[in-house]
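Below, chains carry the letters A, B, ... as their sequence lines are ordered, and counting in each starts from 1.
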Amino acid sequence: MDMDKIVSLCKRRGFLFQSSEIYGGLNGFWDYGPLGVELKRNLKEAWWRDMVAGHDDISTLPGAPSSYEMVGLDCTIIMHPQVWKVSGHYDLFVDKMVDCRTEGCKGRFRVDHIPSSECPLKPSKCPGAHDKCSLTEPRDFNLMFKTIIGALGGEEDAAFLRPETAQGIFVNFKNVLDSSRVRVPVGIAQIGKSFRNEITPRNFTFRSREFEQMEIEFFCHPSESRKWYEYWRNRRMKWWQDLGLSGSRLLLREHHADELSHYSIGTADIEYAFPFLPEGEFGELEGVAHRGDFDLRSHMEGKLDPNSKPNLQVQLGADGKPVHKGSGRDLTYRDDITNERFTPHVIEPSAGADRGALAILCEAYHEDSAPDDKGELQTRTVMKFHPRIAPVKAAIFPLVKKDGMPEVAQELYRALKKKFPVQYDEKGAVGRRYRRQDEIGTPYCLTIDGQTLTDQTVTLRDRDTLEQVRVKLADVVSEIEQRVSG
RNA sequence: GCGGGUGUAGCUCAAUGGUAGAGCAAUAGCCUUCCAAGCUAAAGACGAGGGUUCGAUUCCCUUCACCCGCUCCA
């Protein structure tokens with residue numbers, strides 16, 4: 001599949017534009033056009049409905065150890081700077097890097113990786129070991145966006161744009177428990193923008209500097225956390241499959257032990273074979289991580305020492321005090337039935353909304369052949385979106401622009417428009433109108449023809465099969481409603 | 001940040017040291033009774049800045065962006 005064609009269609013039909021394009025663009029930033037915004041909203045709304053608003057907290061869902069509750073949260077992008085110091089981002093998001101100026105090398109190396117890195121010069125040595133090596137001074141690559149709070153603010157008023165939404169959930173954990181009557185096990189969900197100064201933004205929207213996450217922090221009893229991890233891993237995989245990413249291009253990959261973060265007991269990536277990646281390679285769509293009690297403990301006690309695995313200890317400075325002090329608040333949970341007090345363990349399904357939208361765009365793109373009015377096969381570009389995700393749910397056409405057909409079509413259009421995004425089109429040949437809708441992935445087209453005027457039925461044309469069935473005019477709204485929901 | 005490539009209309013491309021041409025799309029209208037590329041009309045571009053030159057879209061420099069590779073991705 002050709003990524004260039006997808007990028008071109010996204011621009012041409014208004015799914016995605018480069019940010020600030022009229023000024024030459026900005027590396028790592030992308031805008032959603034009229035169709036793109038509908039697509040992404042549909043994705044986020046499907047996630048929110050399926051994970052949060054529509055969650056059944058009475059039943060035990062298939063694969064779940066028990067019933068559980070789900071609530072939402074929407075917190076600020078800028079938080080107290082201490083949040084990032086305690087979470088570890090402040091220290092871990094800065095890499096010292098050197099570049100080698102030497103002809104034949106021109107490499108870039110992380111300073112802390114130099115001893116295990118290999119310089120391309122022969123004989124094989126580590127960077128800097130050859131006489132010819134010419135390394136720059138180590139320079140900081142800070143992945144967090146810095147900003148200043150206050151109109152008169154200086155460096156001492158520095159703050160950060162969040163690099164993930166998760167921390168906002170951890171620091172509000174106690175607020176949520178105290179205010180909403182929820183009991184562990186409970187998930188707190190949030191959709192929102194995050195920011196990372198990626199060193200090399202690339203591959204369309206895949207690695208952007210401003211991006212949107214859909215995250216759940218799921219709090220549970222430590223003894224049940226492994227079962228919950230497995231539940232969420234499978235649930236999230238199935239969710240993406242149900243949205244149409246069901247082929248061999250979607251992969252659930254469990255991390256090896258040596259790949260795990262210092263606090264994680266298990267992590268699985270849900271990955272998609274994006275067309276811009278080399279054959280056989282997959283890119284991360286969502287990570288489902290078992291984070292143990294790392295985050296809540298950090299925000300209670302202070303930044304934990306990543307080298308103290310498996311029994312994490314607060315990282316102490318030369319003065320014997322915590323390098324980054326925690327809040328000192330008690331974030332443990334008391335089960336008021338068993339009377340047990342514990343620090344909940346956390347399972348974190350963290351999905352990329354932009355990556356999800358991109359995967360859906362890539363998966364939807366198809367070229368097939370369809371006959372024209374002379375019966376000859378023509379190439380057809382069609383976006384095969386799941387009806388639930390499609391930006392436009394239906395299009396309404398009068399077969400011809402006379403005999404009262406436009407009036408009937410417009411009346412139907414108004415009735416449908418009250419329920420969801422639909423388009424009305426009376427321009428040109430009807431075949432051309434069908435193709436236009438195919439290219440933006442509209443799943444259904446409704447055509448008012450001569451027969452409509454006598455028996456009050458219209459044709460309903462399916463985007464993927466090209467088949468038409470006649471539906472009573474009075475039933476169209478409920479018919480489309482039923483087809484595009486879930 | 002380094003190396004290589006690219007940048008002309010909404011999209012895909014062409015030509016040229018004397019201010020650019022096409023196809024498709026889009027717009028208005030015509031024709032059309034079910035799967036685009038029929039007809040008519042009008043509209044639309046040299047990524048940005050600087051330099052050389054009588055004159056730059058073309059040559060040079062800088063910059064921005066995109067693609068490939070190196071690097072990075074907690």
Side-chain angles (χ1 to χ4, degrees), chain A residues 3-5 7-14 17-29 33 84 87-95 97-110 113 117 120 127 136 139 141-144 163-164 166 196-204 206-207 209 260-264 276 278 283-284 287 289 306 369-382 397-403 405 426-439 445-453 458-463 466-468:
Chain A
M3 193 61 201
D4 289 344
K5 287 184 177 175
V7 174
S8 170
L9 184 141
C10 284
K11 170 83 189 290
R12 178 159 37 88
R13 305 312 301 248
F17 307 126
Q18 196 175 9
S19 168
S20 317
E21 196 195 76
I22 64 169
Y23 287 106
L26 192 60
N27 195 353
F29 297 89
W84 307 111
S87 71
H89 290 85
Y90 183 80
D91 295 332
L92 288 174
F93 251 45
V94 182
D95 293 323
M97 309 272 293
V98 294
D99 292 307
C100 181
R101 306 186 192 90
T102 306
E103 203 58 43
C105 178
K106 298 288 189 187
R108 167 175 285 176
F109 308 96
R110 257 172 74 162
H113 285 182
S117 299
T136 61
R139 287 178 291 186
F141 281 66
N142 197 328
L143 269 37
M144 274 207 291
E164 63 173 31
R196 298 180 193 183
N197 259 321
E198 298 289 354
I199 294 169
T200 312
R202 207 163 275 193
N203 291 329
F204 206 21
F206 182 77
R207 179 164 294 127
R209 287 179 163 144
L260 295 175
S261 308
H262 51 273
Y263 49 74
S264 186
F276 49 77
E284 185 180 345
S369 293
D372 62 15
D373 60 352
K374 297 176 191 68
E376 290 174 29
L377 286 181
Q378 302 285 352
T379 299
R380 180 177 79 127
T381 301
V382 51
F397 309 146
L399 185 57
V400 290
K401 208 172 15 174
K402 60 185 182 189
D403 299 341
M405 292 180 205
E426 58 177 30
K427 308 265 177 61
V430 72
R432 180 194 297 255
R433 286 177 264 163
Y434 283 137
R435 297 301 169 86
R436 255 199 291 261
Q437 295 299 329
D438 290 339
E439 215 185 12
C445 290
L446 300 152
T447 302
I448 280 68
D449 57 13
Q451 194 180 329
T452 309
L453 308 174
V458 302
T459 62
L460 188 158
R461 178 258 199 188
D462 183 277
R463 175 195 66 201
L466 305 181
E467 283 170 5
Q468 296 185 23

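- A close approach under 4.0 Å does not occur between any side-chain nitrogen or oxygen of A:R432 and OP1 or OP2 of B:C34.
- With the 3.5 Å cutoff on both pairing distances, Watson-Crick and G-U pairs in RNA chain B assemble into runs of at least 3 at B:1-7 with B:64-70, B:10-13 with B:21-24, B:27-30 with B:38-41, B:47-51 with B:59-63.
- When distances run from any side-chain atom of A:D403 to the nucleotides B:C72, B:U33, B:C66, the shortest one goes to B:U33.
- Looking at heavy atoms from C-beta onward, A:I199 lies in side-chain contact with A:L143 at the 4.5 angstrom threshold.
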Check: protein-nucleotides 28-32 of chain B nitrogen or oxygen pairs below 3.5 Å:
unit_1	atom_1	unit_2	atom_2	d
B:A28	OP2	A:K427	NZ	3.2

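- Take A:R461 and apply the side-chain hydrogen bond (donor to acceptor under 3.5 Å, both in side chains) test, not counting sequence neighbours, and it matches A:D438.
- For the pair A:G28 and A:P278, both in contact range of RNA chain B, the more 5′-proximal nearest nucleotide belongs to A:G28.
- Taking the side chain as every heavy atom from C-beta outward, A:R209 and A:N27 approach each other to under 4.5 Å.
- Taking the salt bridge (Lys or Arg N to Asp or Glu O under 4.0 Å) definition, one finds that A:R436 meets it with A:D425, sequence neighbours left out.
- With distances taken from any side-chain atom of A:N27 to the nucleotides B:A65, B:U71, B:C34, the minimum falls on B:A65.
- A heavy-atom distance below 4.5 Å is not found between the side chains of A:Y434 and A:L466.
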So which protein nitrogen or oxygen atoms get under 3.5 Å of nucleotides 4-13 of chain B's nitrogens or oxygens?
unit_1	atom_1	unit_2	atom_2	d
B:G10	O3'	A:K11	NZ	3.3
B:C11	OP1	A:K11	NZ	2.5
B:C11	O3'	A:S8	OG	3.1
B:C11	O2'	A:S8	OG	3.1

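- Nucleic acid contact class of A:N203 (heavy atoms, under 4.0 Å, all strands): sugar-phosphate only.
- In this model, the phosphate group of B:C66 is approached by a side-chain N or O of A:Q18 to a distance below 4.0 Å at OP1 or OP2.
- Side-chain proximity of A:R202 to the nucleotides B:A25, B:A65, B:C67 is greatest for B:C67.
- Nucleotides B:G5 and B:A42 have their C1' atoms positioned 39 Å apart, rounded to a whole Å.
- A:F204 meets the ring-ring contact (aromatic ring centres under 6.0 Å, His included) test with A:W30; sequence neighbours excluded.
- B:C66 and B:G38 have their P atoms separated by 38 Å, with the value rounded to a whole Å.
- Counting only heavy atoms from C-beta on, A:Q468 has its side chain closest to B:C35 among B:C70, B:C35, B:A25.
- A:V382 has its side chain within reach of A:R463: a pair of non-hydrogen atoms, C-beta onward, lies under 4.5 Å apart.
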